[in-house]
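Down below is the structure, laid out as structure tokens.
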Amino acid sequence: MVAEGVVKTHVLVIGSGGAGVRAAIEASRYGSCALVSKTIIGKGGCTTMAEGGYNAVLREQDDCEIHYGDTMKGGAYLNDPALVRILVRESPDRIRDLVEWGAVFDLTPECHIAQRPFGGQRFPRTCYAGDRTGHEIMATLVERLGSTDVECHHEVSIIDLMTGAEGVSGAIGLDRDGEIQVFLADQTVMATGGGTRIFDISTNSTSGTGDGYAIGYRAGADLIDMEQVQFHPTGAVYPYDARGRLVTEAVRGEGGVLKNVLGERFMKQYDPERMELSTRDVVSRSIATEILEGRGTAHGGVNLDVSHLPREVIEARLPVMLEQFMRYGVDIRDVPMEVAPTAHHIMGGLRINPECRTTKAGLLACGEVSGGVHGANRLGGNALAETQVFGKRAGEYAGRSPKREVEVNRSQVAATSALLESFEQGSVSPAVMRDSLKSAMWEGAGIFRTADKLKKTLATIERLQSEQPVSRGRRGLNDCCTLRNMLGTARMIVSCALLREESRGAHVRSDIRQDWDPSSSPYGHTWISVSGMGIEQVVRA
Amino acid sequence: MKTLRVKVSRFDPQTDTGPTLVEYEVRVHEGARILHVLHAIHDTIDPTLSFRSSCEAGQCGSCAVVADGKPVLACYEEAREGMVIGPLALPVIRDLVVDLVPALNDIPGLVPKQGCQPPSYEEMEAIKPLRSCISCLACLSVCPAVSVIRFAGPTAMRQEMRLALDPRDSVDRVTQAVESGLFTCTSCQACWKVCPKDIRIPGKAIEKLRALAGLKGLTLPRHREVNELIRTTGRSVAPEGPSFLEQVDEVIEPNGEVKGTVGFFVGCMYTMRLPMTPLDAIAVLKRNGIRVIIPKEQICCGSPLIRTGQPDYVRTLQRRNIDAFAFRGIKTVMTMCAGCGSTLKHDYPETIPFRVMDISEVLLEYGIEKPARLNVRATYHDPCHLLRGQGISSGPRELISEVIDLVEMPPVCCGSGGGVRSGVPEEAHALAEKRQEEIKKTGAEWVISSCPFCEFHIAGHTPLPVKNITSVLAEGYREKDRRPHRENQA
Ligand SMILES: Cc1cc2nc3c(=O)[nH]c(=O)nc-3n(C[C@H](O)[C@H](O)[C@H](O)COP(=O)(O)OP(=O)(O)OC[C@H]3O[C@@H](n4cnc5c(N)ncnc54)[C@H](O)[C@@H]3O)c2cc1C
Ligand code: SF4
Ligand code: SF4
Ligand code: FES
């Protein structure tokens, strides 16, 4: 049942999005490195789907301090300041790496990297390649990866980290045929991306199932701020199967306006100064309120209109949007898009230090699976920057780490085998369980939360966790493992949402009145691990 | 919600000897894409169905499948009742999952130069159209060349061109492309037509790389000879007898009432080597009231030079041809060579003072007299430059079905285009042999086409007669004239 041979490497990177591939490229400079991904490397995850851009301070008139301030304010001051300093300071160098490796960003006629305004930022600092920025970054990274000695394992899903007395010593995975594959590593980098697929309406790729959070938790690492889930204001609302698909913030960055069904530019009620380019939490709540109060469109959205922009601008700067809507018969050059909020990004995640080390020895994390950089609300364009800045750091610090004596944990491998066998004896369809979870999360842990609704959702999660999903043959095992991770991640989100008895950033507790604003909140991070959970109290002088 | 029935190819190489089509009936929402149908099958009927997806929004290139014979992105293409869904024509791992990784690894990457300036605005703008590839490999799966000869394939060529345009890259891309099979492309356009990102690889990458190869002196010797011939004679082939142009008057009046007038652009192959075919065409046009003007100073359209990357002399050819027709005030230029037609339509300046129509379009626009039916089963070979180059598919079928019974075969390149017949004859031969296999399967007695290169090339590889559409119509008319009047009316 265990596939031939154990893969032994100095650095094991799990996940092939922007963060994982960047980490692998860097790690390979210091020794052997294996990259394992649930999908074909480069094709999975959310990085390829990122559209709008990458934040970096590149102009004289801009300043890292301003970028720092925007990010902290946008994050409702829940961000880890040390991580934010690193982000803003290193992001320009990381985009230069990409340019050196061949990335094709849009340029100004003066040959500078073009930048567009994004929400919550005082300077237009979002670099882009049309509206396929993430794809451009991913293509560049995969090309670069091809010139390294990184050992690539496509379509192997990690089920659990392997742990021992010395901490994490690698991982146990499942290949396409449902056979176990063991990886042994001195250092393991978790880069599995986000997980908003646990919500009914989500922008994420099919691998956005929160595997890394749940796997890290089970291995004993600390996670922070898991309640902080960003609902992107503008997701598609129809046809049914395309609901949730992201309509990039670049649409508003390029001048798109939001109107309710009465034709009112309603953002002037909610944030007259920043209007459509307010932060995402604010715009999402505004749209949700308009819809709740009956000013939505027939499909249950509001209108996002670019038809006043020159057609060439739409064609050149928003080609993917144009193409995607055209597929469904909507020409955005003439008619508005209908949009509504969609679960987009998990700001919380594995607690890391500036070297990307988690609280568990031998385990590092970078990209969306880590927490702390974005606080309570992420600014558009900061996630791609995060993948590159912290991807490089994780790869470097993992690579530089000394060799260790690591061994295969036989009893853990046996336990994993037993778990998998139990799935073959299971009784409930994982697809049915998944759909129950998604609805429960959307209903109870969405944009507006209350203790009652959260508890109801938690009860559903617990019920689902007590059921046994079934796999017909070994090839369905992956679905069962993924479901287990989705449930684990959902449970952390809901538990932490109950812990945070305040509204902050993306997390809104409509059942709680508070008399403080984010900068004077008595609370710090929520945290959760196998040994417990809690919320940090801030002692203010 | 609605109910859809589809057939999906199921195949597990570990247990099955070959793929089987299984029918499923699922409930899906309005507007559901193929991917949603596959999810529904997986979630509600058979969780062992294997297929790939990731972004579900046309951005990752994981999900390409073949639907009703055509490669598409499963997340983009709307599902239809009765659809047949199979894997791409690449090695199958299971069901709809094919092995993409070896080919992905073959796509070259940039090798940075030390301390070089980033590209300029203009350079970036030139690179961009080649950069939106999502490596779905639909193009590779339909490329006829890769199936018979060592060729890195269309998207690898796209990438070589993208890198050739990039000042940051340190590799000699042109030489590398030549070594990877640049000259094996038949310019069939299949890759472009299936590309979900509409990347025009033959025109924007392959022909451009061939032109760069020319500057390095890497043009194939046979292609250089053709160039020489065109420069000295105005024609891409040498005559083997009196040419068509020598045999006809400049203006040919129709029998009876004049329904329309066209200028006739004959093309090198028909005029120099196969004059009987345009003579048949003239007979058909005459009978159907179309006046034909044939400027005698017309010369090669330039296609052989463009396809083989020798564009220098093309401007001269274009100007002389445009003048020949414009001077006579001709408003409609008719082609009957698929390659000439596609070239005149796409590679000539947009300002040409006439419209270009294939002969099938002309005949259908004016309508034709019914020919006699012949008791023959025939198959039709779609010329690449007619089907994909000009988007003409139903017209020729409509015309020939007036005369014979049509048996279809899949539209695949015969191997005669892109300078391959002259430059890489073993490949052209292998592709024609594959074509002959398909022809055999149909049980047809004739092969019909609408391109002199296809007709000539296929004729060399099949024992069956190979005929042009107009020759078939002409035979229908001759038969009609032979038969007693009564029989024709029956
Ligand atoms: C539609 C969309 C648009 C976005 N646009 C922007 C934008 O314009 N600007 C911006 O800054 N941010 C944007 N974001 C956010 C940003 O793209 C992500 O936060 C970021 O790309 C995450 O990168 P990552 O490397 O951490 O993870 P991902 O890119 O998601 O990659 C995760 C990888 O882990 C693999 N994986 C997952 N689970 C396992 C497992 N169990 N075993 C093995 N491998 C596993 C996956 O297959 C995948 O390869 C967008 C997000 C979405 C969804
Ligand atoms: S060129 Fe087009 S068809 Fe070919 S791999 Fe790229 S996107 Fe797919
Ligand atoms: S034009 Fe035809 S032969 Fe040439 S690369 Fe494209 S598919 Fe292959
Ligand atoms: S799933 Fe990504 S292109 Fe279809």
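Every heavy atom of this structure was used, including side-chain atoms; hydrogens, water molecules and symmetry mates were not. Lettering of chains follows the sequences in order, A, B, ..., and the numbering in each one begins at 1.
Contacts with chain A were tallied for B:P119, B:P112, B:G58; B:P112 has the most, counting heavy-atom pairs under 4.5 Å. Chain A forms the most heavy-atom pairs under 4.5 Å with one residue out of B:K113, B:Q159, B:E30, B:E123, and that residue is B:Q159. Contacts with chain B were tallied for A:V142, A:D435, A:I40, A:D479; A:I40 has the most, counting heavy-atom pairs under 4.5 Å. If you tally non-hydrogen atom pairs under 4.5 Å between each of A:L246, A:I41, A:L107, A:N204 and chain B, the highest count goes to A:L107. Chain A forms more heavy-atom pairs under 4.5 Å with one residue of B:I134, B:L35, B:L100 than with any other, namely B:I134. Options A:G102, A:P239, A:A431, A:S205 differ in how many heavy-atom pairs under 4.5 Å they form with chain B, and the most are formed by A:G102. Per-residue counts of heavy-atom pairs under 4.5 Å with chain A were compared for B:C60, B:S120, B:P118; the largest is that of B:C60. With respect to chain B, the highest number of heavy-atom pairs below 4.5 Å among A:M138, A:E110, A:E155 belongs to A:E155. The choice from B:P108, B:G31, B:S132, B:A32 that makes the most heavy-atom pairs within less than 4.5 Å of chain A is B:S132. Per-residue counts of heavy-atom pairs under 4.5 Å with chain B were compared for A:R245, A:H154, A:K38, A:E100; the largest is that of A:H154. Contact count versus chain B (heavy atoms, under 4.5 Å) is highest, among A:V320, A:D177, A:L145, for A:D177.
Rounded to the nearest 0.5 Å, atoms CD (A:E136) and SG (A:C127) are 12.5 Å apart. Atom NZ of A:K438 is separated from atom CZ of A:R434 by 6.0 Å, given to the nearest 0.5 angstrom. Taken to the nearest 0.5 Å, the CG atom of A:L174 stands 5.5 Å off from the CG atom of A:L477.
Using a 4.5 Å cut-off between heavy atoms, B:R168 touches chain A through its side chain atoms alone. A:T140 touches chain B through backbone and side chain together, each having a heavy atom under 4.5 Å away. Only the side chain of B:D12 comes within contact range of chain A, with at least one heavy atom under 4.5 Å from a heavy atom of that chain. A:R472 touches chain B through backbone and side chain together, each having a heavy atom under 4.5 Å away. Looking at A:R144, only its side chain comes within 4.5 Å of chain B, counting heavy atoms on both sides. For A:V432, no part sits under 4.5 Å from any heavy atom of chain B, backbone or side chain. Heavy atoms of A:A139 lying under 4.5 Å from chain B belong to its backbone as well as its side chain. For B:S62, the parts sitting under 4.5 Å from any heavy atom of chain A are the backbone and the side chain alike. Of the two parts of A:E51, only the side chain, counted from C-beta on, holds a non-hydrogen atom closer than 4.5 Å to a non-hydrogen atom of chain B. The part of B:C136 that comes within reach of chain A is its backbone (N, CA, C, O), which places non-hydrogen atoms under 4.5 angstrom from that chain. Only the side chain of A:R132 has a heavy atom closer than 4.5 Å to any heavy atom of chain B. Contacts of B:P167 with chain A are absent, with no heavy-atom separation under 4.5 Å from either backbone or side chain. Heavy atoms closer than 4.5 Å to chain A are found nowhere in B:T44, neither backbone nor side chain. The part of B:L104 that comes within reach of chain A is its side chain, from C-beta onward, which places non-hydrogen atoms under 4.5 angstrom from that chain. With a 4.5 Å cut-off on non-hydrogen atoms, B:Q14 touches chain A through its side chain but not through its backbone.
Checked for salt-bridge contact, A:D200 and A:R243 meet the test: a charged N lies under 4.0 Å from a carboxylate O. Ion pairing between a basic and an acidic side chain is recognised when a charged N comes within 4.0 Å of a carboxylate O; B:R33 and B:E56 show no such pairing. Salt bridge A:E143/B:R131: present, at least one basic N to carboxylate O contact under 4.0 Å. A salt bridge links A:R96 with A:D93; the closest basic N to acidic carboxylate O contact falls under 4.0 Å.
Identified by a heavy-atom distance below 4.5 Å to chain A, contributing residues of residues 15-23 of chain B are lacking entirely. Residues of residues 82-99 of chain B that come within less than 4.5 angstrom of chain A, heavy atom to heavy atom, are B:I93, B:R94 in numerical order. At a heavy-atom cut-off of under 4.5 Å, chain A is reached by B:C75, B:Y76, B:E77 from residues 64-79 of chain B, listed in order of number.
Looking at heavy atoms from C-beta onward, A:Q115 lies out of side-chain contact with A:Y128 at the 4.5 angstrom threshold. With a 4.5 Å cut-off on side-chain heavy atoms, B:T3 and B:E25 count as touching. Here the side chains of B:T48 and A:R475 are not in contact, with every heavy-atom distance at 4.5 Å or above.
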Side chain to side chain contact (heavy atoms under 4.5 Å, CB included), that's the test. Do B:E125 and B:K128 meet it? Break it down for me. CA-CA 5 Å; B:E125 291 299 307; B:K128 273 193 204 163; 2.8 Å; yes
Determine, stepwise, if the pair B:L137 / B:T155 fulfils side chain to side chain contact (heavy atoms under 4.5 Å, CB included). CA-CA 7 Å; B:L137 301 188; B:T155 197; 3.8 Å; yes
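No donor-acceptor contact under 3.5 angstrom links the side chains of A:D131 and A:T248, judged on distance only. At a cut-off of 3.5 Å, with distance as the only test, no side-chain donor of B:H39 or A:D241 sits close to an acceptor on the other residue. A side-chain N or O of A:H344 and one of A:T203 form a donor-acceptor pair less than 3.5 Å apart.
Of all the heavy atoms in A:F423 and A:C481, the pair that sits closest is CE1-SG, 4.0 Å. Closest approach of A:L58 and A:P92 over heavy atoms only: CD2-CB, 4.0 Å.
Side-chain atoms of A:K43 do not come within 3.5 Å of backbone N or O of A:T48 as any donor-acceptor pair.
By the ring-ring contact (aromatic ring centres under 6.0 Å, His included) test, A:H299 pairs with A:Y238, sequence neighbours left out.
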